[in-house]
Amino acid sequence: MPEISLPKTYDFSAVEERIYAWWEKSGFFKPSNDPNKPGFDPSRKPFVISIPPPNVTGELHLGHAMFVSMEDLMIRYHRMKGVPTLWVPGTDHAGIATQLQVEKMLAREGLTRDQIGREEFVRRAWEWKNKYGGIITRQIRRLGASCDWERERFTLDEGLSKAVREAFVRLYEKGMIYRGPRMINWSPGLRTAVSDLEVEYSQEQGTLYYFKYMLADGSGEYIPVATTRPETILGDSAVAVHPEDERYQRFIGKKVIVPILGREIPVIADPYVDRSFGSGGLKVTPAHDPNDYQLGQRHGLEFISIMDEAARINQNGGPYAGMDRFECRKKIWADMEAAGLTIKTEPYMMSVPRSQRGGEPIEPMISTQWFVRIQSMAEAALEAVRDGRIKIIPERFVKVYYNWLENIQDWCISRQLWWGHRIPVWYCGDCGEMTVSRVDPTRCAHCGSPRIEQDPDVLDTWFSSGLWPFSTLGWPDPTPDLAYFYPTSVLETGYDILFFWVTRMIMMGLEFTGQVPFHTVYLHGLIRDEHGQKMSKSKGNVVDPLEVMNQMGTDALRFTLLVGSTPGNDVNLSLKKVEANRNFANKLWNIGRFVLGALEQAPDTPLREPIWTLPDSWIWARLQDLVRQVDRLFNAYQYGEAGRQIYEFIWGDFADWYVEIAKQQLAEGGDRAFWTAYTLTRVLDMSLRLLHPFTPFVTEELWGYLKQACMAKSIAFSPRGGWEEALMVAHFPEPREPEEWEAQTLEDFALVQEIIRGIRNLRTEKKVPPSRRIPAVIVCGERLDVLKAQAAVVAHLAVLDPAQLIFEHTLEEKPNPAISLVVAGVELYLPLAGLVDRDEERARLEKELAEAQGQIERLEKLLNSSFAEKAPPAVVEKERQKLAVWQETAARLKGQLEALL
RNA sequence: GGGCGGAUAGCUCAGUCGGUUAGAGCGCAUCUCUUACAAAGAUGAGGUCGCAGGUUCGAGUCCUGUUCCGCCCA
């Protein structure tokens with residue numbers, strides 16, 4: 001037999017990399033039923049997840065750690081259940097983020113992207129991608145991710161670019177894509193349009209400026225107007241008042257003069273104007289405010305753009321041309337003050353739109369961009385959730401989903417960037433028509449002219465990630481993968497990208513494949529620090545998952561994230577918790593060491609059929625119950641609770657009780673030792689299987705040793721069906737109906753536990769030295785047989801002297817002097833001469849009795865109330881039994897008290 | 001303005017068919033290096049489950065209102 005000697009402490013650093021490499025090399029990450037291989041069975045339903053693709057040049061953060069842990073858990077669970085399982089990995093080109101990184105690199109060389117030109121820039125970006133693109137996927141492997149790396153995709157690779165082309169052209173041909181000047185959100189820092197979602201509004205202290213819009217008739221009268229952005233006066237094309245506002249009704253239809261510029265603009269009436277805001281007069285700047293834009297359209301006003309792409313004032317700003325928008329704000333106000341046009345200023349809390357990426361104020365501007373007509377797609381996406389084809393977990397996000405899709409605006413998909421999928425549209429220099437094509441054209445489709453030029457813009461990154469669940473499987477080509485693995489099963493991601501990504505995948509999935517891209521959306525929460533604060537570099541509370549893994553191991557981090565979370569709720573991560581879970585891995589490791597040692601001690605084969613002890617049966621019943629719970633919880637997506645229960649079983653039941661008892665049973669030798677070792681190995685094996693999806697490394701490593709030791713020992717220690725090649729491809733325990741004996745076993749053992757705890761408690765209270773074996777008398781009544789059979793267990797765990805441990809049905813004469821106690825109707829006497837203080841004992845017993853009587857009173861009252869008639873009989877019966885036990889306890893306590901006199 | 005979430009032990013959180021004196025980890029106190037584990041073991045202290053109503057035989061759990069904190073949308 002090979003000598004197996006495991007280190008005393010689990011050394012994850014010596015395990016993780018080796019195990020992962022072995023898994024990958026063995027092909028365990030690949031689907032068990034591959035449509036591209038012989039013997040494929042199309043009737044078996046697969047379980048599929050497409051990874052939320054991280055930024056290709058990004059670095060691992062806790063958000064990644066969260067989704068990888070969660071998805072790997074689901075994947076490993078299904079794989080172990082025998083379901084053909086595929087997890088498609090990949091990365092996203094992340095247009096803006098990556099472009100900014102490349103620009104930063106250029107800046108270090110003193111270059112800008114304009115200096116080197118588009119072609120060179122894109123070349124550099126690819127270079128960057130090739131250099132740093134592997135980092136994030138290596139880090140994801142580090143987390144134990146069991147994805148099929150041979151199917152890894154990148155949004156800018158050839159196949160996915162083809163998918164993007166196809167999608168764009170199809171939408172265009174259906175008339176669902178259009179180009180035109182619209183009001184969009186412009187990021188002056190990035191010099192590109194951004195979508196509504198990429199704008200964040202922050203409440204900031206600003207100023208409300210009141211000034212005079214002088215009438216053009218020379219009367220000297222004016223309309224007082226208030227604005228937070230005086231520079232936009234330059235683009236004003238009307239002043240609006242409420243039609244019923246008595247203060248200004250007489251001005252409607254007249255002209256007023258734009259300050260400084262001297263342009264004449266009309267006074268219009270519109271009920272949109274809020275009479276109570278400011279002075280009640282509203283300046284209208286249709287080209288630089290979304291609300292004014294609509295007013296402008298309603299009233300046919302002039303749209304005057306006053307800023308360029310850097311948000312500097314353009315030639316329409318007269319004397320202010322060339323100035324920065326905020327500089328202009330100061331200057332124009334100063335000039336107006338000098339001209340006597342100002343009234344007053346006051347502090348004002350305003351909502352400032354800021355770029356989600358760069359942070360600078362977004363400028364609403366009119367710009368020619370490409371848009372997707374979203375209405376019909378949004379309706380289809382709504383329907384898919386309404387009719388249950390897609391389920392969202394937790395359910396409360398359904399409402400958020402509805403609300404967003406019901407109020408959706410057309411999606412601006414063009415970006416003025418260089419890194420991304422270039423818009424497949426060519427403009428003809430001769431006829432001016434557009435050619436939209438799946439393959440790059442050389443001539444205009446309308447006039448045949450070769451003088452065509454491609455649109456310089458690229459598509460929003462989310463346009464390509466919206467295709468992800470099917471583009472990664474080969475769409476638009478009808479590949480075997482697409483046919484078998486699509487639709488995917490679960491889309492798992494953080495709730496913060498529900499709108500950005502999830503809704504778009506659903507819309508595009510339905511549009512292009514006619515099917516929902518997944519049947520379930522599982523949303524996890526955001527990771528915060530241990531006090532619920534958002535992690536940020538400026539606060540200095542950022543936790544680096546790599547560092548955590550270096551210090552405590554991957555399993556500890558994974559278990560913390562998985563068990564510390566409930567669906568959709570944020571997770572406060574503390575290193576203390578990770579540490580506790582590292583300790584758990586170590587605990588498991590040491591249970592393993594013990595079991596392996598036990599196996600060595602035990603005989604190779606039994607002589608006869610097993611005679612199970614109560615603890616043997618108990619741990620088995622507990623395990624069966626655990627398997628049922630885990631099954632139920634997994635089906636309900638209650639992964640955290642499942643993990644907690646497994647943890648409690650392993651530590652609280654298996655290690656704390658069964659392992660301790662097993663030591664004694666092993667010492668008996670013979671068949672008892674054999675069947676104990678057998679139980680230990682079976683329970684450990686099952687525990688490792690249950691735990692594996694949470695903490696894959698330590699379980700796999702330990703299971704390997706267990707398997708090796710069991711196989712070396714004898715065939716008798718094999719699980720049903722034999723040992724699989726690896727734990728990660730071993731069968732997950734299946735629940736079975738509870739058997740007759742289980743409930744009684746659990747009850748009996750619970751009584752044993754109570755007795756042991758009762759004695760331990762008294763020992764501590766009386767300061768009996770922990771190692772001193774003391775005598776005890778246990779008066780059991782009806783339970784005599786059950787308890788007597790556990791004498792050795794009680795003696796062992798309560799540190800009693802077996803020779804002086806007496807079990808009685810009833811007792812004529814109480815031991816005296818003795819410390820006594822009643823536990824669940826069972827009397828305990830610890831004859832400890834010298835430790836018994838009568839007064840003290842009396843006080844203690846009276847306290848116990850008072851407690852028992854309180855319980856009796858409470859239960860009698862309860863059972864005499866309508867509870868007895870209205871509650872289910874089983875519930876009532878349970879309370880009746882409790883009452884009986886308390887009554888017996890009280891009676892025996894009274895007897896003990898009398899004996900003390 | 002609309003919507004959602006949270007409020008449970010000193011801290012961080014579980015508690016998803018409502019079942020009758022509420023659980024975990026960490027922290028705290030006392031004791032123990034007992035040959036799986038001191039990253040451990042034993043024992044203990046600690047909570048009127050935000051507040052006010054209601055439904056029910058029974059509410060941390062369901063309903064209404066309310067306070068505070070956080071988030072999303074406009």
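Chain letters run A, B, ... following the sequence lines, proteins first, then strands; residues in each count from 1.
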Round to a whole Å and report the spacing from [atom1] of [X] to [atom2] of [N].
X        : N     : atom1 : atom2 : answer
A:Lys766 : B:G44 : NZ    : C1'   : 15 Å
A:Gln629 : B:U16 : CD    : P     : 12 Å
A:Leu498 : B:G3  : CG    : P     : 19 Å
A:Tyr401 : B:G5  : OH    : C1'   : 21 Å
A:Phe559 : B:G25 : CZ    : P     : 12 Å
A:Gln645 : B:A14 : CD    : C1'   : 11 Å
A:Asn569 : B:G6  : CG    : P     : 6 Å
A:Leu797 : B:G41 : CG    : C1'   : 12 Å

Under 3.5 Å: donor-acceptor pair, side chain of [X], backbone of [Y]:
X        : Y        : value
A:Arg763 : A:Arg772 : yes
A:Asp631 : A:Pro735 : no
A:Arg760 : A:Ala798 : no

Taking for each residue the nucleotide of RNA chain B with the nearest heavy atom, is it A:Glu579 or A:Arg757 whose nucleotide lies nearer the 5' end?
->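 Whichever sits nearer the 5' end wins; that is A:Glu579.
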
Closest-nucleotide ordering on RNA chain B, the 5'-leading residue of A:Arg760 and A:Phe12 |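 Nearest-nucleotide comparison on RNA chain B picks A:Phe12.
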
Answer with yes or no after comparing the ring centroid distance for A:Phe674 and A:Phe717 against a 6.0 Å cut-off, counting only values under it.
->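 Yes, ring centres under 6.0 Å apart.
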
Summary of protein contacts for nucleotides 61-74 of chain B, nucleotide by nucleotide, where a base hit scores B, a sugar-phosphate-only hit scores S (4.0 Å, heavy atoms) = -----------SS-

At under 4.0 Å between heavy atoms, which parts of nucleotides 26-37 of chain B does protein reach? Answer with one letter per nucleotide, 5' to 3': B base, S sugar-phosphate only, - none.
-> S----SS---BB

Side chains of [X] and [Y] only: does a donor on one sit below 3.5 Å from an acceptor on the other?
X        : Y        : result
A:Tyr658 : A:Asp616 : yes
A:Asp196 : A:Asn185 : yes
A:Tyr272 : A:Asp292 : no

Euclidean distance for [atom1], [N] against [M] (whole angstrom):
N     : M     : atom1 : result
B:G2  : B:G18 : P     : 31 Å
B:U16 : B:A36 : P     : 39 Å
B:U30 : B:U66 : C1'   : 45 Å
B:G23 : B:U8  : C1'   : 10 Å
B:U67 : B:C28 : P     : 39 Å
B:A59 : B:G19 : C1'   : 10 Å
B:C49 : B:G60 : P     : 7 Å
B:C63 : B:A74 : P     : 28 Å

Determine whether any donor atom in the side chain of A:Gln855 lies under 3.5 Å from an acceptor atom in the base of B:U21, or the reverse, and answer yes or no.
->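 Indeed there is one.
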
Listed nucleotide nearest any side-chain atom of A:Asn761, set B:U16, B:C4, B:G44 =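 Nearest to the side-chain atoms of A:Asn761, counting from C-beta on, is B:G44.
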
Provide the Watson-Crick or G-U wobble partner of [N], both distances under 3.5 Å; none if there is no partner.
N     : answer
B:G1  : B:C73
B:A7  : B:U67
B:C17 : none
B:A42 : B:U30

Within the structure, does a side-chain N or O atom of A:Arg644 lie under 4.0 Å from either OP1 or OP2 of B:A24?
->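 Indeed not, no polar side-chain atom of A:Arg644 lies that close.
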
Verify the contact: side-chain N or O of A:Lys882 to OP1 or OP2 of B:U21, cut-off strictly under 4.0 Å; return yes or no.
->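 Yes, such a contact exists.
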
Which heavy atom of [X] sits nearest a heavy atom of [Y], and at what distance?
X        : Y        : result
A:Val571 : A:Gly564 : CG1-O, 3.9 Å
A:Gln601 : A:Leu666 : OE1-CB, 4.0 Å
A:Gly825 : A:Glu888 : O-OE2, 3.4 Å
A:Ser195 : A:Cys412 : CB-O, 4.4 Å

Just call it for [X]: base, sugar-phosphate, or nothing, with non-hydrogen atoms closer than 4.0 Å on any strand.
X        : value
A:Arg582 : base
A:Pro872 : base
A:Arg763 : nothing

Pick from A:Trp404, A:Tyr402, A:Tyr495: which one makes a ring pair (Phe, Tyr, Trp, His ring centres under 6.0 Å) with A:Phe397?
->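 The option that passes is A:Tyr495.
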
